2 protein chains.
Amino acid sequence: MNNASSNLNTANLQSASGSQAGGPSPTFSPLYQQIKALITQSLQSGEWKPGELIPSEVELAGRFKVSQGTVRKAIDELAAENLVVRKQGKGTFVSTHHEARAHFRFLRLMPDEGVPHYPESKFIEVKRMRAPADVARLLELKSGDAVVFIKRVQSFDGIPTIVEELWLPGLIFKGLTAERLNEYKGPMYGLFESEFGTRMIRAQEKIRAVCAGDSEAELLQLAAGTPLLMSERVSFTYGDKPVELRRGLYSTARHHYQNDLS
Amino acid sequence: MNNASSNLNTANLQSASGSQAGGPSPTFSPLYQQIKALITQSLQSGEWKPGELIPSEVELAGRFKVSQGTVRKAIDELAAENLVVRKQGKGTFVSTHHEARAHFRFLRLMPDEGVPHYPESKFIEVKRMRAPADVARLLELKSGDAVVFIKRVQSFDGIPTIVEELWLPGLIFKGLTAERLNEYKGPMYGLFESEFGTRMIRAQEKIRAVCAGDSEAELLQLAAGTPLLMSERVSFTYGDKPVELRRGLYSTARHHYQNDLS
DNA sequence: GAGTGGTCTAGACCACTCC
DNA sequence: GAGTGGTCTAGACCACTCC
């Protein structure tokens, strides 16, 4: 059996256009895309939390009244986008930033020698402020909306290498304080995910070369005028909503920015 | 019907381990991976050339004596790796660098304002030489092996922005001269693909910040000491074979290096 | 042994292109 | 209408994990 029962079974989903009179629907979307959207909603709403097991393919197929193959195709795409991780024999898990695996997905600065490891953070400043115009624009806020501002220096093996400033929407990151940041070990995205229910899933980065100013030079213990990489990064959560602006200066004396083109 | 006939039909491929005595094979590889390897061989050998149509899924399924679904899965992966491009209703085509689409896959320098377009090249030097130790190591050649060396400046709207040096294995790029390069319009990878049968399919890039030396400053018409992005890129063809080393200096006065993290 | 994701098949029908 | 890739189903069996 196929189409007849399929249309019956998927009555609550948008049925494929071909079986209806009047030709192709202008908003045609395959079943598996609709299933993917439903699963994404459950991820976004926190019904299945980072690190947790989601229902099995068979279970989801039953729930959505589609074949296992259709659920598979939906999950395949979610896995390709790093929203979930499949583990054969175990199940499919919601991705989390609390994993060694995830730590270097957004940090592309690699040591010239030795094995990559996560830097230590020292927070210079943490405060709430009103969003300047450029920050507001990139975070899709109104100029003057509340934002959390963070400035920190990151060091590898005690050598200060990154100085960065972050802006976060004040509404989402209400209780974020210097204390919380200092207590927390590991990548900030882990904290954001666990404590503020906001998972970064994608980022856009623009990189330039600049010379260190006096203030940056001091923080990085370098001579003023030393060339640095300057990164401006906007990170997005579900629904392509921007939720972080980060401006970083990277010393590339002992590190390089690594990128794989394919 | 399934397994019995499948094993018969795929007698010339490595059959799945489960139906044999003695438990799982240590070198188990799924059928679709074997099909993928066979298709990749045909791409590599030039049996199907860049821009050409490859045989249909039904045709390949018949040829390899597997189901269309298995061929689909193989081609899905090749499409994800940008080796082929699927076009619904038309067929599957071998990817080519002679396409607007491909031009910005390896060039990540984007204008701060205006629409991206491909730069004009001015060749400063083209010569054959012996590979220095570091070049030989990155290209997996022996120190002293013949390489082609190219130095050029690239300009956007008449403004010199990139100065780069390239090294190519001499054996592969035998007839590559300044004349050929000057005649040719468009990305060098198009020339390499058409004239030398070598397609770049992947690259590894390492980026640092440096200050312009006198020579670079002159070529880019900048003050000495201006901060520049320095990129070292190794490009690979089929079989992860390195076939190009490129060292570039990018002015980021009017451009930025763009990267999407996901 | 039971449960998970992973592979493979056969077959139907759809969307799209070209004629 | 014929041919292409795209979607969807049902069902079998495999690889792997946990018990």
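Per chain, numbering begins at 1; letters A, B, ... match sequence-line order. Computed from a predicted model, the values in this text were never measured in an experiment.
Salt-bridge formation is detected for the pair Glu59(A)/Arg63(A): a Lys NZ or Arg NE/NH1/NH2 atom is positioned less than 4.0 Å from an Asp or Glu carboxylate oxygen. In summary, Glu164(B) and Arg233(B) do not engage in a salt bridge, as defined by a charged side-chain N under 4.0 Å from a carboxylate O.
In this structure, Asp76(A) atom CG and dT7(C) atom C1' are separated by 12 Å, rounded to whole Å. When rounded to the nearest whole Å, the span between CD of Gln68(A) and C1' of dT7(C) equals 11 Å. Look at CG on Leu31(B): it is 6 Å from P on dT9(C), rounded to the nearest Å. The interatomic distance linking Leu53(A) (CG) with dT17(D) (C1') rounds to 12 Å, in whole Å. Rounded to whole Å, atom P of dT7(D) lies 8 Å from atom CD of Glu77(A). Residue Arg72(A) contributes atom CZ, which lies 16 Å from atom P of dT7(D) at whole-angstrom precision. The interatomic distance linking Tyr32(B) (OH) with dC13(D) (P) rounds to 21 Å, in whole Å. Following rounding to the nearest Å, Lys73(B) (NZ) and dC8(C) (P) show an atom-to-atom distance of 8 Å.
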What do the steps show when you test Ser29(B) against Gln34(B) for side-chain contact (heavy atoms from CB on, under 4.5 Å), and what is the final call?
CA-CA 7 Å; Ser29(B) 118; Gln34(B) 301 176 47; 3.4 Å; yes
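An OP1 or OP2 oxygen of dG3(C) is reached within less than 4.0 angstrom by no side-chain nitrogen or oxygen of Ser56(A).
Each of Gly69(A) and Ile54(B) has a nearest nucleotide on DNA chain D; the 5'-most of these lies closest to Ile54(B).
Aromatic ring centres of Tyr257(B) and Tyr250(B) lie farther apart than the 6.0 Å criterion allows.
Judged by distance alone, with hydrogens and angles left aside, the side-chain atoms of Asn82(B) form no donor-acceptor pair with the main-chain N or O of Ile201(B) at under 3.5 Å. A donor-acceptor contact shorter than 3.5 Å links the side chain of Thr237(A) to the backbone of Arg199(A).
For DNA chain D, the stems formed by at least three consecutive Watson-Crick or G-U pairs, with both atom-pair distances below 3.5 Å, span C:1-18 with D:1-18.
Other residues, nucleotides and ligands contribute at most 12 non-hydrogen atoms within 6.0 Å of the CG atom of Leu171(A).
With Tyr189(A) as the partner, the side-chain hydrogen bond (donor to acceptor under 3.5 Å, both in side chains) test is satisfied by one option alone out of Arg105(A), His98(A), Glu244(A): Glu244(A).
Contact check of residues 83-93 of chain A against DNA chain D (heavy atom, cut-off under 4.0 Å) returns Gln88(A), Gly89(A), Lys90(A).
By the 4.5 Å heavy-atom criterion applied to side chains, Arg202(B) and Asp240(B) are counted as neighbours.
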